[in-house]
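First comes the structure, then the notes that go with it.
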Amino acid sequence: MDAPYRLSKPVTITYDGADGPTTRTIEVVEMRDPTGEDMLLVDEFTGMRLVLEMIAALSGLTLAEVKKLPARDIGPLGDRAFAHLPGGPKTGGGA
């Protein structure tokens, strides 16, 4: 797919685990090419939820992690996610 996308600012997420809290810092998001299965998300979700779900599906991030990304990065990531789908909606963020 496209080159990795560098977030406008890194996002650090803390997870509570059995061995205590752990943190993950996300600076770059990489996405794979969508599959037919990914295309079914278009039938399942609408609006911004569809954009967030598609970013999660193609990046390997969880939906909870995608929800923590800076809002200014959601549009460009959404455009990348839908760029390879036939007739995919544009989110208006620019890539």
Side-chain angles (χ1 to χ4, degrees):
M1 190 169 219
D2 299 318
Y5 178 86
R6 182 162 298 282
L7 297 175
S8 59
K9 65 178 184 173
V11 174
T12 300
I13 302 170
T14 302
Y15 303 91
D16 292 323
D19 297 327
T22 59
T23 60
R24 176 181 183 191
T25 299
I26 303 167
E27 298 181 50
V28 174
V29 177
E30 294 186 53
M31 287 194 264
R32 60 174 174 76
D33 287 327
T35 64
E37 184 175 359
D38 297 319
M39 293 175 69
L40 293 175
L41 291 172
V42 175
D43 291 338
E44 200 172 328
F45 300 103
T46 60
M48 188 52 63
R49 179 64 184 250
L50 172 60
V51 174
L52 298 177
E53 291 279 356
M54 190 64 76
I55 293 168
L58 300 181
S59 69
L61 298 173
T62 66
L63 181 59
E65 291 170 331
V66 172
K67 288 179 179 180
K68 301 279 186 194
L69 299 180
R72 76 180 86 198
D73 294 316
I74 297 300
L77 286 169
D79 285 346
R80 287 169 176 242
F82 287 100
H84 299 283
L85 293 180
K90 296 294 181 198
T91 60

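Residues: numbered from 1 along the sequence shown.
Inter-residue side-chain proximity for T23 and I13 is flagged as unmet; no heavy-atom pair is nearer than 4.5 Å. Counting only heavy atoms from C-beta outward, the side chains of I74 and M48 approach each other to under 4.5 Å. For the pair T22/T14, no side-chain contact is recorded, criterion being any heavy-atom separation below 4.5 Å from C-beta on. In this structure, the side chains of K9 and R72 stay at 4.5 Å or more apart for every pair of heavy atoms. Looking at heavy atoms from C-beta onward, L41 lies in side-chain contact with E44 at the 4.5 angstrom threshold. Looking at D73 and Y5, their side chains come closer than 4.5 Å, going by heavy atoms from C-beta outward. A 4.5 Å side-chain heavy-atom check between V29 and P4 finds every atom pair outside the cut-off.
Scanning all heavy atoms of the two residues, the minimum distance from P10 to E27 falls at CB-CG, 3.8 Å. Looking at every heavy atom in both residues, P21 comes nearest to D16 through CB-OD1, 4.2 Å. Closest heavy-atom contact between D38 and L58: OD2-CD2, 3.3 Å.
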Item to check | Worked check of side-chain contact (heavy atoms from CB on, under 4.5 Å) between L50 and F82 | outcome: CA-CA 10 Å; L50 172 60; F82 287 100; 3.7 Å; yes
Next on the checklist: Could you go through L61 and K67, starting from their C-alpha distance and side-chain angles, then the distance that decides it, and tell me whether this counts as side-chain contact (heavy atoms from CB on, under 4.5 Å)?
Outcome noted: CA-CA 10 Å; L61 298 173; K67 288 179 179 180; over 6 Å; no
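Rounding to the nearest 0.5 Å places OG1 of T62 at 10.0 Å from NZ of K68. Note that the CD atom of E65 and the CD1 atom of I26 stand 4.5 Å from one another [nearest 0.5 Å]. The distance from atom CD1 of I55 to atom CG of L69, rounded to the nearest 0.5 Å, is 7.0 Å.
Note on L63: it clusters hydrophobically with L77, by side-chain heavy-atom contacts below 4.5 Å among ILVMFWY residues.
Listed for the R80 side chain is a donor-acceptor partner under 3.5 Å among the backbone atoms of A3. With D43 contributing its side chain and L40 its backbone, the two residues share no donor-acceptor pair below 3.5 Å. Between the side chain of R32 and the main chain of A57, a donor-acceptor pair closer than 3.5 Å is present.
If you check the side chains of T25 and T12, you find a donor sitting under 3.5 Å from an acceptor.
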